[in-house]
Number of protein chains: 4
Amino acid sequence: MNTPSSPRWRRRKSARPDEIRDAALELFVERGFAATRMDDVAARAGVSKGTVYLYFETKEALLRSVVEDLVEPALARAESRAASHGGSSAELLRELIRMWWHTVSGSRLSGLPKLMVSEARNFPELARYFAEHVVRRTRALFEGVIRRGVERGEFSPRLDVEAGARLAMAPLVYASIWQHSLACCGDEDFDPERFVTAHLELFIAGITCKEAK
Amino acid sequence: MNTPSSPRWRRRKSARPDEIRDAALELFVERGFAATRMDDVAARAGVSKGTVYLYFETKEALLRSVVEDLVEPALARAESRAASHGGSSAELLRELIRMWWHTVSGSRLSGLPKLMVSEARNFPELARYFAEHVVRRTRALFEGVIRRGVERGEFSPRLDVEAGARLAMAPLVYASIWQHSLACCGDEDFDPERFVTAHLELFIAGITCKEAK
Amino acid sequence: MNTPSSPRWRRRKSARPDEIRDAALELFVERGFAATRMDDVAARAGVSKGTVYLYFETKEALLRSVVEDLVEPALARAESRAASHGGSSAELLRELIRMWWHTVSGSRLSGLPKLMVSEARNFPELARYFAEHVVRRTRALFEGVIRRGVERGEFSPRLDVEAGARLAMAPLVYASIWQHSLACCGDEDFDPERFVTAHLELFIAGITCKEAK
Amino acid sequence: MNTPSSPRWRRRKSARPDEIRDAALELFVERGFAATRMDDVAARAGVSKGTVYLYFETKEALLRSVVEDLVEPALARAESRAASHGGSSAELLRELIRMWWHTVSGSRLSGLPKLMVSEARNFPELARYFAEHVVRRTRALFEGVIRRGVERGEFSPRLDVEAGARLAMAPLVYASIWQHSLACCGDEDFDPERFVTAHLELFIAGITCKEAK
DNA sequence: AATGAATGAGACTTCATTCAT
DNA sequence: GATGAATGAAGTCTCATTCAT
């Protein structure tokens, strides 16, 4: 009876939690946690109010699941791809920035930075998780490349590696956040592609430039 | 203003709205608009719940007042100070970045970017106001300096002026936001002074560097 | 009944309702009707939630069935046993009290008094059923013995027969109720055997005592 | 302004919690805790839903307050009155039983035994409180009188003091419970006065009777 | 001007009941 | 017969807002 050949039913069943997570992510990013009603999450996921509670014990548990379960696989993929690159340090850095941007910008994850920034103080445990599992790990990737560049003499020897890694990412994070907030209401001129490209060039110019000061 | 003929209670009376605004700003930044209760605002301002409604019609009106009434005077001051500077374009830019940071970082305003990013989608009118009165005007200051530098041949002629202005500000905005979110919970290593200083040097190196690419 | 021609699954099938009733009785007695969830009944009966509804139309119907279907056979048995006793009225009364206690105390029925007391006001129809089919019939047994004792001069002639019957039973009912409530939480010293025995002796002493007042 | 001479307002304000407690007690006794809705409590107390939560943090806290705050003063009064009696032990016991009955039967407290019996298993902490502060203390009063009677030779020397005290109270407790349950629905013949009087006579006859067995 | 008790709409959550498999 | 995912009415509790004092 319950053969794997009855796919519609089976797939729907196991897909439910994902559909709910996706709906919740969209709404949490758009409105914030407190301003999102569980009814809206249910409606956007196409289920009834009660169904959400079949899969997630509380609204807060739903938030945790949204953050933790979406982030891990994406990050693991990114790290493995990052490890497989060769070339000059500048080239590598360029790749890393482009990869970050293309991985995050169009995907469901693009709203996570805004969400975490908005809710960090209200959910410190979750913020800690995010800081350690996402922020730190991502920064480690950038620090690795920058340190290599400094050690090989490709980048300025006076470069502060940690601050440099943060600075490489800051405009990317800023762009993600901006796209989900003011770029929707008021700053529609913001062109993230152009912004990220300019950052890429300017940042690499800055860290490779030998003449400066 | 503070003539001896205005007794203490009269001064207190007119100070009430400001005290409430300050309390509201702190809480809105920390918890977000929806998660902040009017009771908490009143308690932090040291007044009773009803008093808040003497000065602000609704919770949303309080938010609007927080944003609009705090921003205008600070920005006007900044613009006049910016206009009075001389020196090379790099020097001017350095000044501008430092000024932004020192004006914003320690003041009550430092939380505004986080607040606006979090609430923009829920209050599009307010976001539009903020984008036009704060973001655009501030960026105009940076664009002015950068355009001058390009025109005078001090900065790379291939520099995208608008993107450049955004990039000059992005790490500053990022630092403000970070300080009120993840730097409190999980990313305590973040050192904004060091970060902003590194940005200053790297950014100016990038835009003045003639050899790049 | 248990002919070899009734295969195991057939017996199980007809046993289901009883298993559910037993589970429901336990939980209704322990937690009360409103605080008991159908899920818990199903879980304790070892069936799925839906199965309960195969046999009982609603939660209230399950309650009715628990009370009505458990009580009738037990009571019929008791009446027939009571009728077959001989001896002095005191002896008979002693027997009746002991029988009541031993029939009720260890059995599934021991919780019924607590259940009915708790739910009588919420289910007046059921309470009426219980009062007429259980309380009144049981009391009639006691009244019969006591009236016989008074008529034969074995008991005090001034004895109020109806009140006497109620008083013979009151400590028994009290003990049943207590065992399922406060004797579980707070009054663990309560020793029902000792209590019932003391009642037996004292009550018979009271009604047979000629010297009193 | 807030002189004690504006009594209506002041009295109402401080009377609110008591009015709510009384309403809650009535409903909890009648329907049980789980089947009582906070809206109903509010309606019966003549206030709005939210007002109940001004004075009681949760529904459970309201239950605790109902039990703990109503019981203590009544019990203290009873103990002091009990201490001031003289006369023979039988007379004293008679007084105690009558006092218990008249204190409890007509008052707001008369439903407490039913409430506690019904909810003990769901609120073990509360049950423990009730068992220790009410049941044990009340029984101690009875044990004192009975022990005195045995020691003075007024009561049968073979009397089990603890069981005797419980037996003195059991019909009283039973009558309280019955009045709030089956005496309302099905056993309307129950006449508590007659029942308690019969108990009084029979119990004293039993314990003073020298001839028995 | 200031208070804080009171309100009630609305949010989160539970659970009796249904029904496709 | 049996299951358990799904539903949505209904309950608990919160909080923006009002208003008598």
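A, B, ... follow the sequence lines: proteins, then strands. Residue 1 opens every chain. This structure is a prediction, so every number in the text was calculated from the model and none was measured.
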Looking only at the side chain of [X] (C-beta and beyond, no hydrogens), which of the listed nucleotides [options] gets closest?
| X | options | result |
| --- | --- | --- |
| R16(C) | dA2(F), dT7(E), dA16(F) | dA2(F) |
| R37(C) | dT3(F), dC15(E), dA16(F) | dC15(E) |
| K59(D) | dC12(E), dC13(F), dT7(E) | dC13(F) |
| V47(A) | dA1(E), dT7(F), dT17(F) | dT7(F) |

> Does Y55(B) have a side-chain nitrogen or oxygen under 4.0 Å from the phosphate oxygens OP1 or OP2 of dA2(E)?
Replying inline: yes

> Quick one: is T51(D) getting a side-chain N or O under 4.0 Å of the dA6(E) phosphate, OP1 or OP2?
Replying inline: no

> Rounded to the nearest Å, what distance is computed from the CG atom of residue D39(D) to the P atom of nucleotide dG10(E)?
Replying inline: 15 Å

>> Could you tell me if the side chain of L126(B) sits less than 4.5 Å from the side chain of E68(B), heavy atoms only?
In response: yes

> Under 4.0 angstrom, heavy atoms only, what part of the nucleic acid is K49(D) near: base, sugar-phosphate, or nothing?
Replying inline: base

> When the nearest nucleotide of DNA chain F is assigned to E57(D) and to E60(B) on a heavy-atom basis, which residue is associated with the more 5' position?
Replying inline: E57(D)

> Does S48(B) or S48(D) map to a spot on DNA chain E nearer the 5' end, using the closest nucleotide for each?
Replying inline: S48(B)

> Between G50(D) and F33(C), who's closer to the 5' end of DNA chain E by nearest nucleotide?
Replying inline: G50(D)

>> Using 0.5 Å steps for rounding, measure from the CZ atom of R64(B) to the CZ atom of F123(B).
In response: 9.0 Å

> Is the shortest side-chain N to carboxylate O distance from R44(C) to D22(C) below 4.0 Å?
Replying inline: no

> Strictly by modelled atom types, are S65(B) and R21(B) linked by a side-chain donor-acceptor pair under 3.5 Å?
Replying inline: yes

